[in-house]
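Structure, as structure tokens:
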Amino acid sequence: MKVLLTGIVGACVLATSACTNPPEKNTLKLPYFAKTDCELVYKARGTQVIENFCETDWKPVKLYIKDQKYSVDWIDENTSRKIFENGCLQSGACYYELKMDGFTVNGRFAYAVDGIQGDFTFEIDANENLQLLDQTESDLSS
């Protein structure tokens, strides 16, 4: 009887765990990777963000994450152009952090350029609508 009860409880635990969602993956950090004549590329483990400064008639920012492609407008064009023209203040000072929530991308862009540091948090939905959630900026000299 005890063995039968243990077997039933074990089967119920296995069935329940097989039907629940796996825990969310951690946020992926994409550091600045490369600059071409027209693009800034942020990349890590098969995920990348490409900001295009030449072909800006269409949505200039492309995100490739988990076999999905998102095309969106600038998060902050002036900041991206400063980084494109002047580079980041130091290695690792400019990066994206991305996390998938279903088909929604939750992201953060952090930067330090021209004596200023800041970050933007944003969300991109499945229809490629970008929403800026928060923005901070501070002077590094103070």
Full working for side chain to side chain contact (heavy atoms under 4.5 Å, CB included) between I75 and L130: CA-CA 8 Å; I75 297 168; L130 171 71; 4.0 Å; yes
Going by side-chain hydrogen bond (donor to acceptor under 3.5 Å, both in side chains), name the residues that satisfy it together with S80, two or more places apart in sequence or in a different chain. E51
Where at least one partner belongs to residues 28-42, residue pairs that pass salt bridge (Lys or Arg N to Asp or Glu O under 4.0 Å), sequence neighbours excluded: none
Partners passing side chain to side chain contact (heavy atoms under 4.5 Å, CB included) against T47 (at least two apart in sequence or in another chain): L28, L30, I65, L98
Which residue pairs pass the disulfide bond (SG atoms under 2.5 Å apart) test with at least one member in residues 89-138, sequence neighbours excluded? C88-C94
Measure the CG-CD1 distance between L40 and I83 for me, rounded to the nearest 0.5 Å. 7.0 Å
For the CG atom of N127 and the OH atom of Y70, what is their distance to the nearest 0.5 Å? 10.0 Å
Which pair of heavy atoms, one from M100 and one from Q68, lies closest together, and at what distance? CE-CG, 4.5 Å
Inspect the surroundings of NZ in K62 and state if more than 12 heavy atoms from other residues, nucleotides or ligands are less than 6.0 Å away. yes
Taking G118's backbone N and O only, do any of them form a donor-acceptor pair with E137's side chain (distance below 3.5 Å, no angle check)? no
Between CG of D139 and CD1 of I116, what distance do you get to the nearest 0.5 Å? 6.5 Å
Answer yes or no: is there a side-chain heavy-atom contact under 4.5 Å between S71 and V61? no
Would you say the side-chain atoms of T27 pair up with the backbone N or O of K99, donor to acceptor, closer than 3.5 Å? no
Which pair of heavy atoms, one from V113 and one from G87, lies closest together, and at what distance? CG2-O, 3.2 Å
As an exercise, state the distance from CZ of R108 to CG of L133, rounded to the nearest 0.5 Å. 13.0 Å
Suppose clustering is done on Ile, Leu, Val, Met, Phe, Trp and Tyr with side-chain heavy atoms closer than 4.5 Å. Which residues sit in the same group as F33? V41, I50, Y64
Side-chain heavy atoms nearer than 4.5 Å, only ILVMFWY residues, links allowed to pass through others: does that put L132 and V105 together? yes
Between E123 and T104 the two heavy atoms that sit nearest each other are CG-CG2, 3.4 Å
With sequence neighbours excluded, tell me which residues meet ring pair (Phe, Tyr, Trp, His ring centres under 6.0 Å) with F120. Y111
Contacts of N78 meeting side chain to side chain contact (heavy atoms under 4.5 Å, CB included) (sequence neighbours excluded), chain-then-number -> D76
Rounded to the nearest 0.5 Å, what separation is found between the CG atom of D119 and the CG atom of D134? 7.0 Å
Nonpolar side-chain network containing Y95, other nodes, edges under 4.5 Å: none
Taking only residues two or more places apart in sequence, or in another chain, which ones meet Y96 in a ring pair (Phe, Tyr, Trp, His ring centres under 6.0 Å)? Y42, F109
Can you name the side-chain hydrogen bond (donor to acceptor under 3.5 Å, both in side chains) partners of N129, sequence neighbours left out? D125
For E85, what residues pass the side chain to side chain contact (heavy atoms under 4.5 Å, CB included) criterion, not counting sequence neighbours? R81
Give, for atom CD1 of I124 and atom CD of Q131, the distance between the pair rounded to the nearest 0.5 Å. 11.0 Å
Just jot down the ring pair (Phe, Tyr, Trp, His ring centres under 6.0 Å) partners of F84, sequence neighbours excluded, or say none. F53
